[in-house]
Participant: 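Shown below is the structure under consideration.
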Amino acid sequence: MYLAMWIAAAGVPGSFWDSPSNVSGAVVLGFGVAAIALSFGLAKVFKRFNGVAWMVLGAGLAIAAYGIWRISA
């Protein structure tokens with residue numbers, strides 16, 4: 001109930017959150033965005049994009065694309 005009130009306060013339509021694929025897609029998209037941010041953080045730590053940062057960036061893009069696909073399906 002508390003989460004529904006926050007969603008209503010944000011103006012998000014309730015029908016979006018009624019579909020389980022939309023909810024899981026939003027969660028997966030969040031993980032993808034977090035992985036992309038992590039790759040840029042790794043690049044800053046290593047002072048360049050090395051293999052690990054590129055690998056995490058690619059995985060983050062793939063995860064985010066899957067999340068967008070889950071939301072649109």
Side-chain angles (χ1 to χ4, degrees):
M1 179 69 179
Y2 189 69
L3 179 62
M5 292 172 63
W6 274 102
I7 292 170
V12 178
S15 62
F16 177 82
W17 298 106
D18 290 339
S19 174
S21 67
N22 287 345
V23 173
S24 67
V27 169
V28 170
L29 180 61
F31 278 115
V33 170
I36 292 169
L38 176 66
S39 72
F40 284 108
L42 287 171
K44 188 172 184 175
V45 167
F46 293 131
K47 307 278 193 271
R48 63 183 177 92
F49 266 93
N50 61 359
V52 174
W54 280 112
M55 184 177 64
V56 173
L57 179 63
L61 290 173
I63 293 169
Y66 178 69
I68 291 170
W69 176 77
R70 290 280 297 174
I71 290 172
S72 67

Participant: Quick one: do Trp54 and Leu42 end up in the same hydrophobic cluster if we chain Ile, Leu, Val, Met, Phe, Trp and Tyr together by side-chain heavy atoms under 4.5 Å apart?
Facilitator: no

Participant: I need the single residue from Val33, Val27, Val28 that forms a side-chain contact (heavy atoms from CB on, under 4.5 Å) with Phe31. Which is it?
Facilitator: Val27

Participant: Between Arg70 and Gly25, what is the shortest heavy-atom contact and its length?
Facilitator: CB-CA, 3.7 Å

Participant: What pair of heavy atoms forms the shortest contact from Ala43 to Ala53, and how long is it?
Facilitator: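 Where Ala43 meets Ala53 most closely, the heavy atoms are N-CB, 4.2 Å.
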
Participant: Does Phe49 CZ have over 12 foreign heavy atoms under 6.0 Å away?
Facilitator: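 Check passes, neighbour count above 12.
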
Participant: Which heavy atom in Ala64 sits nearest to a heavy atom in Ile36, and how many Å separate them?
Facilitator: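 Nearest pair, atom of Ala64 first, then Ile36: CB-CD1, 4.5 Å.
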
Participant: What's the shortest heavy-atom distance between Gly60 and Ala35, and which atoms?
Facilitator: CA-CB, 3.6 Å

Participant: Rounded to the nearest 0.5 Å, what's the gap from CG on Leu61 to OG on Ser39? Could you check?
Facilitator: 7.5 Å

